Structure formats: structure tokens, C-alpha cells
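Reviewing the structure listed below.
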Amino acid sequence: MRKVPFFDYPGIYTRFKGQFDQIFQDVCSRGAFILQKDLAEFEAELAEFLNVKHVLGVADGTNAMYLGLQALGIGVGDEVIISSHTYVATANAIQMVGASPIFADIDENYLLCPAAAASKITNKTRAIMPTQLNGRCANMDGLRSLAEDNQLVLAEDSAQGLGARYGNEFAGTFGSFGTLSFYPAKLIGCFGDGGAIMTNDDALAEKMNAMRDHGRDANGEVTIWGTNSRLDNLQAAFLRLRLKHFGEDMERRREIAGRYQRGLGDLSEMGLPPSPNDSSPHFDVFQNYECTADRRDELRQFLQNKGIGTLIQWGGVPVHHFEGLGYGKEKFTDLSNTDKFFERCLMLPMNMSLTNDDIDYVIESIIGFYLKDNKQ
Ligand SMILES: *Cc1c(COP(=O)(O)O)cnc(C)c1O
């Protein structure tokens, strides 16, 4: 039986094994481990790709948000509006600076809804931070106007958004700062944890640059409270190679999405992400392929029996229901779109290891599941 794992972790190494091995030898024999030229080069290349002034490599995507919020002086007593269709990391970063995450509902993009966000603004609100989830941007026209009209900071959790665009702008470059994660399964993943912050604000960049390195400025003088949140030079060197190939990767991911769309688009039992070809002003990069499905759990089991790995993101529980964080089951009545979405969401395999035969096998299996049901 064919096996299609949800994500092939060794695959990110084997794909360019020879070149990665060479990079390892090169960087290690230079003894270039912390804040060296490979990191500076990666930051410059990423800044050029994203058409943004500054990119700073940091420890991970969560630290990136923490540093951005902290550098902007967002903290105790402040509220930051986010979507609950996100990883808990978004809320964690807000909590880590002492502020409160405030959840607003999702729109037809399944991303932060501008009108819902507007309804959550209070006199404590300092920032709006949409998550550019699954390689798609939220409605950035709506969110940007909302932030401007209310003099709020606009920031982005764009951990999953590398290369995604809304209009002519890239995810992570719309507001005061944006972030990236280089967790292995992300669009460009490294061999461990890694992240980056993007900003067009010179003063903010200088501050965050010091903060990620124990508060030391370019002359090594401590000018501000900081922490250790540096992207390893070795990881940056690996990531330079991934970035070089990222154009092909985006194309391939969009091709896979198109193949799913053609194969599954007629199934009334499933809701698919927008097709890569008809989603203007969005340009999507499909970090994930998140669908909605009738009898989702049964479908998932059926696919598992066929050797196909799928994922229900975050166990099918949105952050605003995490009981361990003090949230109850009933507490939010105005997040009904988010709650409904989480009852039906399912991610199909979407990665650079998939062959077209793999994808066709996933498609045939899903059609088989719903067809079998129709005959009963
Ligand atoms: C992966 C991810 C993060 C966190 O990134 P780390 O590098 O794991 O800290 C934050 N937000 C979203 C939406 C993510 O997918």
C-alpha cells in the first residue's frame, strides 16, 4: 500500500543532503557560530525577497512576536486583538509581555475578520495582530484601515506566510513588524528552531537588534534590557539554501493546491481553500492545505487506514477553549465562525516531498470515502 505521511521530516534534509553537508563543514570549520556573516547574508537576502528594510534572525517565531511587542512597549494592561484560528504561540507572545490576547472571529478567509476585530476595540486596545495562516493573508485593506482609524499598532504573526501576498505587499511587511518561523515543517524550515522579525522602522529594528543579543548595540554596549534570541549562524547558512529554492517551492505548492482543487472541487461534502488561480488580491503559498469536511473524524480514520496522514490542527480546539489557560467551553459567544470551523477542519498533505501520484492517491481515496457513503 502507498504511504503518504502528513509531513516527511527527514525529507527536508535528504532533498539537498550533499549541499547541506558541505555547508555544515564550511561553517563549522570557520568556527562561525553566533552572529556571523551567514546570518547577515541570510537576513539581507530575505529582506530583498520581501521588499522590507530590515530582517533580524531570532530564536524562533514566538520570540519574534515577543521581541516585537516588547520593543513597542506593549505590556501590562494592554489588549492585543488576534484570531483564535491560530497557534497558541500568538497568544503566548502577548501574555509573555504582560498584555492580554483578545479573540475576534474569523471571516470567509477563515482569518481575522476586520469587522469582528473592530467590535473588540476598547480603550485598552493597543494592537491588532492577524495571523497569516496556512500561507494566506487576512483582509489587510480592512485591518490596516481599522488600525489607522483607531491609532492602533498593526503587527502580523506571519510565521506561516513567507512569500504570501495581499495586493503588492508581502505577509509580514504590512505593519510595525511581522514574523517568520523556521520550524522544520514551515515553508522554509531549518534543522531545529529558528525565526525572524521584519520591519521597515529603523528605530524599532535597532532596538530589536540589541534586544535579541542581551541588549547590546552595534558597538557591543548594553543600551537596553534584552535577552538571548539569536538565530544560529549555522541554521541561517542552511536557510540561505532553502531560500534560494523557495521560488520553485512556492510554485510547486500552488501546483499541488491546483491538483487538489481539480480533483476534489466538485465534492459537496468538502470545502476547499480558494484555488491558487482565482484568489486575487491574495497570492497564497499554501503552507498548509486546510479543508473543511463532512464527517471529518470518520474521513480522517478512513484515510489513515489507507496510509494517508492528515492533521486536525491544534487537536481541533481553538485557543479560546484551552481549559489549561483558564478558558471555558462557553465563555465566548461571538466566535461562532471559529467554533464551527474547528468542528470541520482537516489538513491534507502539502509539502515538497509529495509526488503527483501521492496527491492523486489522496484524491481518489477521499472520493472513495464519500462515494461509498452515497451508495449505502
Ligand atoms: C509555527 C507558528 C508559530 C511559532 O513559531 P515557533 O518558531 O515554533 O516559535 C507562531 N504562529 C504560527 C501561526 C505558527 O504556525
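Keep in mind the model is a prediction, meaning the values are calculated, not measured. Both ligands and their constituent atoms are indexed starting at 1 by order of listing.
Under the 3.5 Å distance criterion, with hydrogens and angles disregarded, a donor-acceptor pair is assigned to the side chains of T90 and D157.
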Exercise answer, ligand 1 polar atom pairs (N/O) under 3.5 angstrom:
residue  : atom   : partner : partner atom : Å
ligand 1 : 5 (O)  : S181    : OG           : 3.3
ligand 1 : 7 (O)  : G61     : N            : 2.8
ligand 1 : 7 (O)  : S181    : OG           : 2.7
ligand 1 : 9 (O)  : D60     : OD1          : 3.4
ligand 1 : 9 (O)  : G61     : N            : 3.3
ligand 1 : 9 (O)  : T62     : N            : 3.0
ligand 1 : 9 (O)  : T62     : OG1          : 2.5
ligand 1 : 11 (N) : D157    : OD1          : 3.3
ligand 1 : 11 (N) : D157    : OD2          : 2.7
ligand 1 : 15 (O) : Q160    : NE2          : 2.8
ligand 1 : 15 (O) : K186    : NZ           : 3.0

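Listed by first then second residue, pairs satisfying side chain to side chain donor-acceptor pair (under 3.5 Å) with a partner in residues 26-35 read D26-R30, R30-D38, not counting sequence neighbours. Within the structure, the ring-ring contact (aromatic ring centres under 6.0 Å, His included) test picks out the following pairs touching residues 335-355 (sequence neighbours left out): H85-F341, H85-F342, Y110-F341.
One finds no salt bridge joining R253 and D284 here, because no Lys/Arg side-chain nitrogen approaches an Asp/Glu carboxylate oxygen to under 4.0 Å.
Residues satisfying the ring-ring contact (aromatic ring centres under 6.0 Å, His included) criterion with F7, sequence neighbours excluded, are Y9.
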request  = List the steps, then state whether side-chain contact (heavy atoms from CB on, under 4.5 Å) holds for L264 with I366.
outcome  = CA-CA 8 Å; L264 300 170; I366 292 173; 3.8 Å; yes
